[in-house]
Amino acid sequence: MRYSKLFGKTLRQAPAEAESISHRLLLRAGMIAQIAAGIYSYLPLGWRVLKNIEQVIREEMNKAGGQELMLPVLQPFELWQQSGRCLSFGQSLFTLTDRKEHKLALGPTHEEVITELAHHCVQSYRDLPLLLYQIQTKFRDEPRPRGGLLRVREFIMKDLYSFDVDEAGLDESYEKMSQAYKNIYARLGLPALLIEADSGAIGGKESHEFMVITENGEDEIIYCSNCSYAANAEKAQFAKTVILSEAKNLLPLEEIDTPGTKTIEGVAGFVGVSTNQTLKAVFYSADGEFVFVIIRGDLEVNETKLRNTLKCSELRLATEGEVSEAGIVDGFASPIGIKDVKIVADDSITLGANFIAGANKPGYHFKNVNYPRDFQVDLMGDIALAHSGDNCLKCGSRLSSVRGIEVGHIFKLGTFISKKMEASFLDPNGASWPIVMGSYGIGLGRLLAAIVEQSHDDKGIIWPLSIAPYQVYLCPLYLDNPEIAPLAEDVYHKLEKEGIKVLFDDRDESPGIKFNDADLLGIPLRLTLSPRTIQSQSIEVKWRVGRETQLVPLENLAAEVNRLLREKLAQRSVS
RNA sequence: CGGGGUGUGGCGCAGCGGUUAGCGCGCAUGGUUUGGGACCAUGAGGUCGGAGGUUCAAAUCCUCUCACCCCGACCA
């Protein structure tokens, strides 16, 4: 490709709205352009990278036994009602109405459509197992798009679905996909960490995420550097400390005067105990129902865990009005004597005794509150948020936390959707069973952005060779020199003939501009041709990473460049 | 949806009641240059996000509205 003909110009300054590194660099390099919030065009260079990423993914999916197909974006809304997921997806589902007033959804994911397909095409255990995938545009009406390509409303995703006869088959498919994903990240030069995850709106039981560690990632990862435990903060478990009261005896309930102590710190300080000797009350609205949540004072509520415990889809903090309407005195609340309100407790309330809790009247608390002696709960479970510094549930070491970008998510769906969509098969005995499913997603644009977040310097992007838009940046200087131009043309043609992907900077620009653009675009290998190199019948070769340059003879240049590229590619796939 | 911020040529910004709205980059033409974003000359390009209002006079003040960004509730 001749640079002079290339559509998309580099910018010296990034548009002000771009904040994340990948967003800034991709805009500056002229690889993407924004058209609305969370909606982007890919310009030729960016599109080439995306297609390369797509190809790597396709190859690994095929290698794992996946069969590619194409499913519709436009989906009857009934499908979403049938699966029940129109509720869990809620507002994120883009919907529209056709001329016959028929409601349709723009697919945010394709479990419904593919399960419907399986319902038609799978009858026997002999048809299984199956791995079907597609690479296609998805739509999600995200509450807040952000970070350029990191979180958008229209995006290309590879989604594969596994269909098995039983849990053991699912485990096998899941393992295959997990390995395929690891291969993908390795080929993209992206260090991705496998962590335990919450399955969220997709549904299902077990799920894992692949994370790229980055300072400004939107997820928090809790991990243990001693054992291998790592999980998304919204899922992470930890060993809650056990608070033994001095006497271990349950002391009698006692009302105490605690004027103006509306916070946990306030009460604990006033009474002279630490916060883990108190009980904290938090109020939520879950699918419209008022919920009283009780947790030990030193802990915080994890809303994802709470949502799962309640099995609700919409969860938010209750408003002050809702709290007082429920007959609760904010700041002095406890479950003691509360009636007609759903009470959910974290199991930490059992890991101690003789707690301080509200007395449900302004200015007063109770001393020596004990569960279940003094109050009952409707639901009890782990709903506490893990923090760095907490103890690992598995080995007891201190947990740490980092931020990351989710670059892949795999789910064991089980039979949750196949039952709803009536996708079943007959076993050898003629008995009918629901198909056991898995779902495996990877967002291409997000992956591209994550790679830039991970691989850049102050000059610009550093593309891994495996997905770079071009492999070689041919950079002749002094094009008005009568020797240079024809020689550059010659080199360009020879490289192309060798099958090397070359971006030929045939612009009559100063060396500084050319070098800076080469660095910004991040093309792995730069070849500089100038009167200086011509003197020795050679060309200067420089990798985008590193500073060293070397002179390579013009004779047999194409073969030599090819060798260098192969060598580099081999290094990559090992790491 | 709650909180914060920004809208002025393609990009970055200045102007914050008073003439024909400026500057840098980029763009066009010509010339001199050029191993890390050169210089000179000439030139094109703006209903100051939109609507309404206040005023002799509005990019500038007021009201409403829209868009975009950032922080929180959601996800590949």
Side-chain angles (χ1 to χ4, degrees), chain A residues 9-20 23-24 27-28 30 33-39 57 88-93 108-109 135-159 181 197-202 207 209-212 216-219 232 234 284-285 303-304 307 313-317 319 405-411 439-450 459-460 475-481 484 508-520 526 528-533 540 542 547 549:
Chain A
K9 216 173 283 184
T10 56
L11 293 173
R12 199 175 296 203
Q13 283 160 308
E17 69 264 18
E19 226 168 64
S20 75
H23 195 195
R24 294 177 65 84
L27 285 173
R28 280 190 56 211
Q34 184 176 31
I35 189 73
I39 307 179
I57 293 172
S88 48
F89 263 93
Q91 298 273 298
S92 294
L93 199 61
T109 172
I135 298 170
Q136 212 237 46
T137 301
K138 314 273 175 179
F139 296 86
R140 289 185 193 174
D141 196 355
E142 291 291 339
R144 184 157 91 85
R146 73 178 97 174
L149 254 30
L150 286 173
R151 181 174 206 75
V152 292
R153 296 192 292 171
E154 174 178 336
F155 58 101
I156 300 175
M157 180 167 110
K158 184 284 304 174
D159 47 326
Y181 272 43
D198 180 72
S199 47
I202 305 289
S207 99
E209 287 167 336
F210 288 89
M211 287 285 182
V212 171
N216 44 29
E218 32 172 7
D219 286 277
N232 195 309
E234 60 187 26
Y284 284 91
S285 168
E303 294 188 0
T304 302
R307 182 179 285 113
S313 52
E314 201 217 314
L315 183 73
R316 59 169 174 81
L317 281 169
T319 61
I405 300 167
E406 181 190 351
V407 290
H409 201 157
I410 58 181
F411 302 86
S439 161
Y440 314 84
I442 190 165
L444 275 67
R446 184 119 113 196
L447 208 44
L448 184 150
K459 287 290 190 180
C475 184
L477 306 180
Y478 311 99
L479 273 171
D480 51 348
N481 178 314
I484 297 286
D508 188 15
E509 291 288 357
S510 73
I513 288 180
K514 291 190 169 199
F515 290 149
N516 278 298
D517 277 340
D519 287 347
L520 177 57
R526 189 183 78 194
T528 309
L529 190 69
S530 74
R532 219 189 263 182
T533 69
E540 180 191 276
K542 180 186 170 297
R547 295 195 62 84
T549 60

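All of these numbers come straight from a predicted model, not from anything done at the bench. Order of the sequence lines sets the chain letters (A, B, ...), proteins ahead of strands, with each chain counted from 1.
Ion pairing of A/Arg24 with A/Glu19 is absent here, as no side-chain N (NZ or NE/NH1/NH2) approaches a carboxylate O to less than 4.0 Å. The residues A/Glu154 and A/Lys138 are annotated as not salt-bridged, no charged nitrogen and carboxylate oxygen being separated by less than 4.0 angstrom. Checked for salt-bridge contact, A/Glu406 and A/Arg446 meet the test: a charged N lies under 4.0 Å from a carboxylate O. A salt bridge does not link A/Asp198 to A/Arg307: none of the charged side-chain nitrogens sits closer than 4.0 Å to a carboxylate oxygen.
Contacts of A/Ala14 with the nucleic acid, taken as non-hydrogen atoms under 4.0 Å apart, involve only primed sugar atoms and P, OP1 or OP2. A/Val152 comes within contact range of at least one nucleobase, with a heavy-atom separation under 4.0 Å. Contacts of A/Asp159 with the nucleic acid, taken as non-hydrogen atoms under 4.0 Å apart, are absent. Residue contacts shown for A/Lys459 include a base, since a base heavy atom lies under 4.0 Å away. Contacts of A/Gly147 with the nucleic acid, taken as non-hydrogen atoms under 4.0 Å apart, involve only primed sugar atoms and P, OP1 or OP2. Residue contacts shown for A/Pro143 include a base, since a base heavy atom lies under 4.0 Å away. In this structure, A/Arg446 reaches the bases: a heavy-atom distance under 4.0 Å links it to at least one base atom across the strands shown. If you check every strand for non-hydrogen atoms under 4.0 Å, A/Thr533 touches a base. Nucleic acid contact for A/Glu142: base, since at least one base atom lies under 4.0 Å from a heavy atom of the residue.
The partner of B/U33, taking Watson-Crick or G-U wobble pairs whose two distances both stay under 3.5 Å, does not exist in any strand shown. Nucleotide B/C48 is matched to nothing when pairs are restricted to Watson-Crick or G-U wobble geometry with both distances under 3.5 angstrom. Nucleotide B/C16 forms a pair with no other nucleotide shown, judged by Watson-Crick or G-U wobble geometry with both contacts under 3.5 Å. Base pairing analysis places B/U42 opposite B/A28; the two distances defining the Watson-Crick or G-U wobble pair are each below 3.5 Å. The partner of B/C1 is B/G72, by the rule that a Watson-Crick or G-U pair needs both atom distances under 3.5 Å.
A/Gln91 places its CD atom 14 Å from the P atom of B/C74, with the value rounded to the nearest Å. One atom, CZ of A/Phe515, and another, P of B/A38, lie 12 Å apart when rounded to the nearest Å. A/Asp141 has its CG atom 16 Å from the P atom of B/C74, to the nearest Å. Protein atom CG of A/Asp219 is 14 Å distant from nucleotide atom C1' of B/G72, rounded to whole Å. If you measure from atom CZ of A/Arg146 to atom C1' of B/G5, you get 16 Å, rounded to the nearest angstrom. The CG atom of A/Leu448 sits 19 Å away from the P atom of B/A76 (whole-angstrom rounding). Rounded to an integer number of Å, the gap from CD1 of A/Ile442 to C1' of B/C75 is 15 Å. For the pair A/Leu315 CG and B/G72 P, the interatomic distance rounds to 18 Å; values are reported in whole Å.
Counting all heavy atoms, side chain and backbone alike, A/Leu315 lies closest to A/Glu303 at CD2-O, 3.5 Å. Annotation for A/Gly38 and A/Pro145: closest pair CA-CB, 3.6 Å, computed over non-hydrogen atoms. A/Asp219 approaches A/Asn232 most closely through the heavy-atom pair OD1-ND2, 3.2 Å.
For B/G10, its base never sits under 3.5 Å from the side chain of A/Gln13 at any donor and acceptor pair. For a distance-only test at 3.5 Å, the side chain of A/Arg12 fails to qualify as a donor-acceptor partner of the base of B/G36.
Taking side-chain N and O atoms only, A/Ser510 has a distance below 4.0 Å to OP1 or OP2 of B/A38. At B/C69, one or more side-chain N or O atoms of A/Gln34 fall inside 4.0 Å of OP1 or OP2 (strictly under the cut-off). Side-chain N/O atoms of A/Arg307 include one lying less than 4.0 angstrom from OP1 or OP2 on B/C74. OP1 and OP2 of B/C74 both lie 4.0 Å or more from every side-chain N or O belonging to A/Arg140. Note on A/Arg144: every side-chain N or O is 4.0 Å or more away from OP1 and OP2 of B/A73.
Taking every side-chain heavy atom of A/Pro15 into account, B/C11 is the closest of B/C74, B/U34, B/C11. Closest approach to the A/Glu218 side chain among B/G37, B/C74, B/C69 is made by B/C74 (side chain taken as heavy atoms from C-beta onward). Each of B/C74, B/C70, B/A76 was ranked by its minimum atom distance to the side chain of A/Glu19; first place goes to B/C70. Checking B/A76, B/G37, B/C68 against every side-chain atom of A/Asn516, the shortest atom distance belongs to B/G37.
Two residues, A/Glu303 and A/Thr10, neighbour RNA chain B, and the one matched to the more 5' nucleotide by heavy-atom proximity is A/Thr10. Mapped onto RNA chain B by nearest heavy atom, A/Gly443 and A/Pro145 fall at different nucleotides, with A/Pro145 at the one closer to the 5' end.
Rounded to a whole angstrom, the distance from the C1' atom of B/A57 to that of B/G53 is 15 Å. Taking the P atoms as reference points, B/U20 lies 44 Å from B/U33, given to the whole Å. For the P atom pair drawn from B/C70 and B/G12, the interatomic distance equals 14 Å after rounding to whole Å. A distance of about 15 Å separates the C1' atoms of B/G49 and B/C69, rounded to the whole Å. Between B/G43 and B/U34, the distance separating the two C1' atoms is 24 Å to the nearest Å. Remark: the separation of the P atoms in B/C64 and B/G4 is 14 Å, to the nearest Å. Remark: the separation of the P atoms in B/C11 and B/C16 is 24 Å, to the nearest Å. Comparing B/G18 with B/A51, their P atoms sit 22 Å apart, to the nearest whole Å.
The number of heavy atoms from other shown groups lying within 6.0 Å of CD (A/Gln91) does not exceed 12.
Taking the ring axis of A/Phe515 as reference, the NZ or CZ atom of A/Arg526 stays within 45° of it and closer than 6.0 Å to the ring centre.
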